[in-house]
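Some notes on the structure that comes next.
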Amino acid sequence: MSIELEKNYNYAEAEKKWYEYWTNEKMFAGSSDSKKPPYSIVIPPPNVTGELHLGHAMDHTLQDVLIRGKKMMGFETVWVPGTDHAGIATQKKVEDKVRKEGETRYTLGREKFIEKIWEWKNLYGNQIIEQCKRLGNSCDWDRLRFTMDEGCCKAVREAFYRLYKKGIIYKGRRLINWCPRCRTALSDLEVNHKDMDSKLYYLRYMVKGEEGFITIATTRPETILADAAICVHPEDDRYKSFIGKEVIIPLTDRAIPVIADEVVERDFGTGALKITPAHDPTDYEAGKRHNLPSYIVIDENGKMNSEAGKYCGMDRFECRTRIAEDLENAGLLEKTEDYKNSVGVCYRCDTVIEPYLSWQWFAHMDDLAKRALDAEKEGKVRFTQERYANTFRTWLENIKDWCISRQLWWGHRIPVWTCGECGHMDAFKEDPECCPKCGSKNFNQEEDVLDTWFSSGLWPLSTLGWPNETKDLDFFYPTKVLITARDIIFLWVARMIMFGLEFKNEVPFSDVHVHATLLGKDGRRMSKSLGTGVDPLLLIDKYGADALRFSLVHLTGQGQDIKFPADFKNGKLERAERVEKFRNYANKVWNAARFCLGYIPEDIKPELPDTSKLSAADRWIISGINRICRDIKNAYDTYSYDVIANSLYDFFWDDFCDRYIETVKSVLSSENGGTSNEAQVLLHVFNKFLRLLHPVMPFITEELWHLFPGCEGSIMNASFPEYEDALSFPEDEKTMESVFETVKAIRSLRADVSIAPKKKVKVYVIPGTDEIGDLIKKEEQTIKNLASAEEIVIASDRSGIPSKSIACMASVSQVFLPALEIENLDKQIEGMEKEAAKAVKAIEAANKKLSNEAFLAHADEGIIAKEKEKLAEAEAKAAKLVEQIKVLRGN
RNA sequence: GGGCGCAUAGCUCAGAUGGUUAGAGCACUACGUUGACAUCGUAGGGGUCAAUGGUUCGAAUCCGUUUGCGCCCACCA
């Protein structure tokens, strides 16, 4: 063939060319009119908070591999892309940005501020899409969605409306998690727990009207002004006499009762505890049990309010120290102790959460959770790793109501209106003009927006058209698999399952595959919010998208966390060895193609000639690619990405390049020039290999596909190669193993005595069996070429071989290199002695087993036979080595 | 306080259902550019599989305990 290929694969050019081609040809489109079985995935929509990092790249690559692979396997595939408005996270980002411009969300006002967020969204939303494209994602871009687009808004409205009408959504005044910086409520899942060095303050509450006091321990003395009671354990003899009496809150003259409740741990602190219902979840519950009033002393900004008297306006933490000082001065602070406790912080801005009593919207979870739980138990949705199913179940079994309202500006506004005149309140699918009850125009929508996870929970539904009964929904729902990292199993995966069951009566996906979390070199999780993310474009620019993709597929394994080794110098990427490895691999593929194309005539087809007319080497490599066709296909269904990556890597590099091509090369360059069969086999193997590789390395495979004869159209439309029984040749695989082992033995001998690679040598072989002898004779040329031997003498025993020879005991045969070639004999003998010692050790181990009656009684026959074989082999090897050493020494 | 995961070569990681001489890539050593590829080839060196008990004829692999690291859940103030 006359094509001139560059020496190195030019990935940048190929990537641009083929991605344009695919999108122009609408190759990523999935149609609900198809007769093929559906295979759909909806992308976990990345937050529009900034660019993607490598963690996303991994997530996306794993999905793209499935989509591309399954398409080739005959499915009608669609991968629905989109982004998430990410309420609180994005709002925070934009707040930070406008602060730099000297503004706040309040100075700008709601409308202006939201405009700013849309600008941000457009900027980063587009950047994200560009990153996805560079990575090679085969998303159906015509279906691109956003969690706040028209369709999603409609879905959110519908869902909210239904849940409201069903009584699942309700408004209530509760103690919720409040972020004083974001000034919004948060769900329990949006609170992170952090261990902190705190102090435990011991405070005295004087008994009213008599002598005596109770000392309590608290970490939050600033809340004493909101105390409603002092609580002790009912069985605690130390305090029994106090129960029912009143004590005075320190620094005030307000009296509160001493009550008894079993929540109190007698061992903790003094065994007495203050109850502050409005500022602590435990106390809130206790307050409810004992009908205690809730005093509020901290406002929505985390500052002390007017109820706090002289502390009014003070920050809560400042107030803490001030009150502690005041208590100290008043002689009511007994002591303070250092204390480590876990404090809730906002998952977006790290601010310490304030339990805050306020009106919020909630969703009852019991019923939704039960259905999700049942669906998992019935196998309708399956976690590919059992341990995640367990945590999923445990969470659902202990679920609490979900606080869905947020006091943010960025998000889906709660579609509930309340009448200023008659007080009528209701949810609406369409914005109402006036109060349907009294006709008043003073009919106002709730100011709050919904938890961002409410809309993402509807994602598989909304992206396919719900609430409309679309053909897409009918055909592509439920989707096949959800691929994600483990940190959003509850926040997102569980909610999607609940909503899918609630609104469509079907789980949104049958499989959930949780992949590894990528860590930076320092072991910290890669994350945008932590600033530890690495931009995939840096790696794509340096090594190519295919290389990055392969490395990510290879790394993901079965879900372990992985440190991604990438070296940076002054913010510049120096080296990422794990990606470099696959850049090299891509280059290897490229160059192997270069070689093959040189021998493949343009007019041949990838069909094989009669396999019985082929050489053992030919059948061996055909059998090899056939085997990995099966292994890789199976791996798709078990999400065994490591199998996919390893099979492709090892087969191609070790078997195809290092062995087969080297063998063929020697045949082709030998005097008779080989037969046309070699070209046919090269084409056959390469053709199949490209198709197997394509889902992982789409660009280079598409590029090469068009260069090989008989490859019509895009490789994306080619079929996935099937395993065929007729192409399995275990005998030839065995044969070739023997050949390669013999080659290796000769090479090893040569290297041991530093014979120049070019120098041809004469070697003697005593084959282990007659069969192997025949085989070596038959494959003589191959062995000669691969081992740079000029003559191979097959001997039946030691007698015909020059006595002064060094030997290598391969398992199939003994190989001898005459000592004429030997320069450093002593070193050689030393090496052989080492070998012999190893063999002796093996003999001992085998003997120990075989003389053990229990072993013989318990072990499988096959194991015993194998052990015997091992023993015989080791014994023979040792004997021969000893003999050789003697010969070398003696003469 | 519960639950989970992980500890294997200098580094990053593989090692279903227990029986291997414990593997790969990078790094390291030696040698090597006669046209596929130096982003390469050939041959090597390197590990008491965290510790400790136990089950078993046999454990890197199964069980208990310990140590170290990481994660999730949780209302001991």
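All values below were derived from every heavy atom in this structure, side-chain atoms included, with hydrogens, water molecules and symmetry-related copies excluded. Residue numbering restarts at 1 for every chain, and letters A, B, ... go by the order of the sequence lines.
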Reckon [X] touches a base, only the sugar-phosphate, or nothing at all at heavy-atom distances under 4.0 Å?
{"X": "A/Asp658", "result": "sugar-phosphate"}
{"X": "A/Cys596", "result": "nothing"}
{"X": "A/Thr219", "result": "sugar-phosphate"}
{"X": "A/Thr276", "result": "nothing"}
{"X": "A/Asn8", "result": "base"}
{"X": "A/Arg393", "result": "nothing"}
{"X": "A/Lys849", "result": "sugar-phosphate"}

Under 3.5 Å, side chain of A/His233 to main-chain N/O of A/Val264, donor-acceptor pair present?
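Yes; judged by distance alone, with no hydrogens or angles, the pair exists.
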Can you see if the side chain of [X] gets near the phosphate of [N] - specifically, an N or O under 4.0 Å from OP1 or OP2?
{"X": "A/Ser748", "N": "B/G44", "result": "yes"}
{"X": "A/Lys581", "N": "B/C13", "result": "no"}
{"X": "A/Arg578", "N": "B/U12", "result": "no"}
{"X": "A/Tyr339", "N": "B/A77", "result": "yes"}
{"X": "A/Lys759", "N": "B/G32", "result": "no"}
{"X": "A/Lys588", "N": "B/C40", "result": "no"}

Expressed in whole Å, how much space separates the [atom1] atoms belonging to [N] and [M]?
{"N": "B/U8", "M": "B/U48", "atom1": "C1'", "answer": "12 Å"}
{"N": "B/U55", "M": "B/G64", "atom1": "C1'", "answer": "10 Å"}
{"N": "B/A16", "M": "B/G53", "atom1": "P", "answer": "25 Å"}
{"N": "B/C71", "M": "B/G54", "atom1": "P", "answer": "35 Å"}
{"N": "B/A38", "M": "B/U34", "atom1": "C1'", "answer": "16 Å"}
{"N": "B/A14", "M": "B/U67", "atom1": "P", "answer": "26 Å"}
{"N": "B/C63", "M": "B/G10", "atom1": "C1'", "answer": "33 Å"}
{"N": "B/G70", "M": "B/G32", "atom1": "P", "answer": "48 Å"}

Measure [atom1]/[X] against [atom2]/[N] and give the value in whole Å, please.
{"X": "A/Asp261", "N": "B/C76", "atom1": "CG", "atom2": "P", "result": "15 Å"}
{"X": "A/Glu397", "N": "B/C72", "atom1": "CD", "atom2": "P", "result": "21 Å"}
{"X": "A/Asp860", "N": "B/U56", "atom1": "CG", "atom2": "C1'", "result": "14 Å"}
{"X": "A/Asp195", "N": "B/C71", "atom1": "CG", "atom2": "C1'", "result": "13 Å"}
{"X": "A/Ile746", "N": "B/U42", "atom1": "CD1", "atom2": "C1'", "result": "13 Å"}
{"X": "A/Tyr649", "N": "B/G25", "atom1": "OH", "atom2": "C1'", "result": "6 Å"}
{"X": "A/Asn646", "N": "B/C13", "atom1": "CG", "atom2": "P", "result": "15 Å"}
{"X": "A/Tyr543", "N": "B/G25", "atom1": "OH", "atom2": "P", "result": "18 Å"}

What nucleotide, of [options], holds the atom closest to the side chain of [X]?
{"X": "A/Leu189", "options": "B/C76, B/C73, B/C71", "answer": "B/C73"}
{"X": "A/Ala592", "options": "B/A43, B/A77, B/A36", "answer": "B/A36"}
{"X": "A/Asn584", "options": "B/A77, B/C40, B/G19", "answer": "B/C40"}
{"X": "A/Lys563", "options": "B/U20, B/C13, B/A77", "answer": "B/C13"}
{"X": "A/Trp653", "options": "B/C57, B/C40, B/C13", "answer": "B/C40"}
{"X": "A/His858", "options": "B/U20, B/C57, B/C26", "answer": "B/C57"}
{"X": "A/Lys665", "options": "B/A36, B/C73, B/U21", "answer": "B/A36"}
{"X": "A/Asp642", "options": "B/U39, B/G25, B/G15", "answer": "B/G15"}
{"X": "A/Lys400", "options": "B/A36, B/C75, B/C57", "answer": "B/C75"}
{"X": "A/Lys744", "options": "B/C72, B/C71, B/G44", "answer": "B/G44"}

Parallel, tilted or perpendicular: which fits the ring planes of A/Phe689 and A/Phe652, with parallel below 30° and perpendicular above 60°?
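Plane angle under 30°, so parallel.
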For [X] and [Y], test the side chains for any donor-to-acceptor distance below 3.5 angstrom and give the result as yes or no.
{"X": "A/Asn341", "Y": "A/Ser198", "answer": "yes"}
{"X": "A/Thr394", "Y": "A/Glu397", "answer": "no"}
{"X": "A/Thr276", "Y": "A/Lys274", "answer": "yes"}

Both conditions, 6.0 Å and 45 degrees, for the charged tip of A/Lys335 above the ring of A/Tyr202: are they met here?
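Checked: cation-pi criterion met.
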Where the chi angle of B/U33 falls, syn if within 90° of 0 and anti if not
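Base orientation relative to the sugar is syn.
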Answer with yes or no whether A/Arg747 presents, from its side chain, a donor or acceptor under 3.5 Å of a partner atom in the base of B/U42.
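Checked by distance alone, the answer is no.
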Please confirm whether A/Tyr641 and A/Phe550 have ring centers closer than 6.0 angstrom.
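Ring centres of A/Phe550 and A/Tyr641 not closer than 6.0 Å.
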Taking the side chain as every heavy atom from C-beta outward, state whether A/Leu373 and A/Arg393 have any atom pair closer than 4.5 Å.
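Yes, at least one pair of side-chain atoms sits under 4.5 Å.
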